[in-house]
A.B. asks: 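Okay, here's the structure, questions in a sec.
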Amino acid sequence: MIIAIDGPAGSGKSTIAKLIAEDLGLVYLDTGAMYRLVTLKALNDGILGNLDKIIKMLDNLNIDIKENGFYLDEIDVSEEIRKPIVSENVSDIAAIREVREKMVDLQRKFSESKNVILDGRDIGTVVFPNADLKIFLVADARERAKRRYRELIQKGENVEIEEIYENILKRDKIDSTRKESPLKKAKDAVEVDTTSKSIEEVKNEILRMVNSNI
Ligand code: DC
C-alpha cells in the first residue's frame, strides 16, 4: 500500500503521516528531509548557488534515512536539517532538476516492496502517481507559521514569528511556481484543510478514507 501526503510547509503533513504510519503499521518516509540533507551538504561544502558544483556533489552524496534519524556522511544531522538556515535555502535546492531526479529515484527504491506513507510536494503527482490514496493537506499561512514557530521555540531556537511567516510565503511561492514538479494537488487527491482542525480530527478523517479505500 502506498499513501501519498502532499501540501505546503506547515500544513501538518509529517505529524499526520507519522500517526497514520503508527496506526496502520506503515513505514514513513519524510521526503522533505531528503531535500534538507542535500541543502545541508551544499551549505557545509560552501557551494550554495553554484549549480555545477551542486550537481557534481550528487555523485558522491552519502545520505541515509534510518528509523532513528537522518544521516549525512554517516553523521546524525536530524536536528541540524530543521534549522532556519536550512529552511531558508531548501526550496532553491529542491527546484534543481538533477537533485529532484536523484531524490525521486531514492524514494522509489526506498519504498520497494514496503507498505509506505510518504509526505512531500510531488508524491501524488510525480513519485507515485498510482498511490492507493492521495491526500492534499492545506492550512492558512498564518496558522502554518504559528505551528512552525511553536515547534522551533520548543526546540530552544531563537526565532521571530514574522520571519517564519515570510519564509513560509516565500517557500510556497518557489515550491508552487518552479518548473520541475511544482507543488500542486493531484487530480485524484482529496484536499483536507487543517486550519481549524485538531491533529486527532485530521488523523481520523484520513483513517476513514483509508478504510473505505481498502
Ligand atoms: O516539508 P519540508 O518543509 O521539510 O520540505 C522542505 C523543502 O523541500 C520544501 O521547501 C519543498 C521541498 N520538497 C520538495 O520539493 N519535494 C518533496 N517531495 C518534499 C519537499
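For ligands, and for the atoms within them, numbers begin at 1 and follow the listed sequence.
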A.B. asks: Is ligand 1 under 4.0 Å from a heavy atom in the side chain of Met34, in the backbone, in both, or in neither?
C.D. replies: neither

A.B. asks: Per the side-chain hydrogen bond (donor to acceptor under 3.5 Å, both in side chains) rule, which among Asp73, Asn62, Asn60 passes with Lys41?
C.D. replies: Asp73

A.B. asks: For Asp175, counting its heavy atoms only, list the atoms of ligand 1 lying under 4.0 Å from any of them.
C.D. replies: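 Those qualifying, in numeric order: 9 (C), 10 (O), 11 (C).
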
A.B. asks: Output yes when Lys109 and Asp105 qualify as a salt bridge under the 4.0 Å nitrogen-oxygen rule, no when they do not.
C.D. replies: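 Looking at Asp105 together with Lys109, the answer is yes, because their closest N to O distance falls below 4.0 Å.
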
A.B. asks: Can you name the atoms of ligand 1, numbered from 1 with element, that are less than 4.0 Å from a heavy atom of Thr31?
C.D. replies: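 Those qualifying, in numeric order: 17 (C), 18 (N), 19 (C).
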
A.B. asks: With a cutoff of under 4.5 Å between side-chain heavy atoms, which Ile, Leu, Val, Met, Phe, Trp and Tyr residues group with Leu169?
C.D. replies: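 Tyr165, all in the cluster of Leu169.
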
A.B. asks: Of all the non-hydrogen atoms in the protein, which one sits nearest to atom 6 (C) of ligand 1, and at what distance?
C.D. replies: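 Residue, atom and distance for the closest contact: Arg171 NH1, 3.6 Å.
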
A.B. asks: Does Lys13 come within less than 4.0 Å of Asp30, counting only side-chain N to carboxylate O?
C.D. replies: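 Judged by the 4.0 Å cut-off on N to carboxylate O distance, Lys13 and Asp30 do not form a salt bridge.
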
A.B. asks: Tell me every residue that passes side chain to side chain contact (heavy atoms under 4.5 Å, CB included) with Asp92, counting only those two or more places apart in sequence or in another chain.
C.D. replies: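 Asp92 satisfies side chain to side chain contact (heavy atoms under 4.5 Å, CB included) with Ile174 once adjacent residues are dropped.
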
A.B. asks: Which bit of Glu88 gets closer than 4.0 Å to ligand 1, counting heavy atoms only: side chain, backbone, both or neither?
C.D. replies: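 For Glu88, there is no contact with ligand 1 at all, from either part.
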
A.B. asks: If you count the non-hydrogen atoms of other residues, nucleotides and ligands that lie under 6.0 Å from NZ in Lys53, is the total more than 12?
C.D. replies: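 Atom NZ in Lys53 is not packed in, count stays at 12 or less.
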
A.B. asks: Please say whether Ser91 places an N or O atom under 3.5 Å from an N or O atom belonging to ligand 1.
C.D. replies: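 Yes, Ser91 has an N/O under 3.5 Å of an N/O on ligand 1.
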
A.B. asks: Does the distance from a Lys or Arg side-chain N to an Asp or Glu carboxylate O, for Arg178 and Asp175, drop under 4.0 Å?
C.D. replies: yes

A.B. asks: In the structure I gave you, are the side-chain heavy atoms of Ile3 and Leu24 within less than 4.5 Å of one another anywhere?
C.D. replies: yes

A.B. asks: Hey, does Val138 have a side-chain heavy atom less than 4.5 Å from the side chain of Lys185?
C.D. replies: no

A.B. asks: Which ligand 1 atoms does Ala94 reach within 4.0 Å, using its non-hydrogen atoms?
C.D. replies: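 Listed by number with element: 12 (C), 15 (O).
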
A.B. asks: Do any nitrogen or oxygen atoms of Tyr35 lie less than 3.5 angstrom from nitrogen or oxygen atoms of ligand 1?
C.D. replies: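 In fact, backbone or side chain, Tyr35 has no N or O that close.
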
A.B. asks: Checking a contact table here: which protein heavy atom is nearest atom 4 (O) of ligand 1, and how many Å away?
C.D. replies: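 Ranked first by proximity to atom 4 (O) of ligand 1 is Arg36 NE, 2.8 Å.
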
A.B. asks: Can you confirm, on distance only, whether ligand 1 has an N/O atom lying under 3.5 Å from any N/O atom belonging to Asp122?
C.D. replies: yes

A.B. asks: Classify the contact between Met103 and ligand 1 as side chain, backbone, both or neither, using a heavy-atom distance cut-off of under 4.0 Å.
C.D. replies: neither

A.B. asks: With atoms numbered from 1 as shown, which atoms in ligand 1 lie under 4.0 angstrom from a non-hydrogen atom of Val90?
C.D. replies: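 Reading through ligand 1 atom by atom, the close ones are 6 (C), 7 (C), 8 (O), 10 (O).
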
A.B. asks: Would you mind checking which non-hydrogen protein atom is closest to atom 20 (C) of ligand 1, with the distance to 0.1 Å?
C.D. replies: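 Atom 20 (C) of ligand 1 sits closest to the protein heavy atom Gly32 CA, 3.5 Å.
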
A.B. asks: Do Gln107 and ligand 1 have an N or O pair less than 3.5 Å apart?
C.D. replies: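 Between Gln107 and ligand 1 (N or O atoms, distance only) the closest approach is not under 3.5 Å.
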
A.B. asks: Closest heavy-atom contact between Glu80 and Val86?
C.D. replies: O-CG2, 3.6 Å

A.B. asks: Students should be able to answer this: which protein heavy-atom is nearest to atom 16 (N) of ligand 1, and at what distance?
C.D. replies: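 Ranked first by proximity to atom 16 (N) of ligand 1 is Arg100 NH2, 3.0 Å.
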
A.B. asks: Once you restrict to heavy atoms under 4.0 Å, what part of Arg121 touches ligand 1? Side chain, backbone, both or neither.
C.D. replies: both

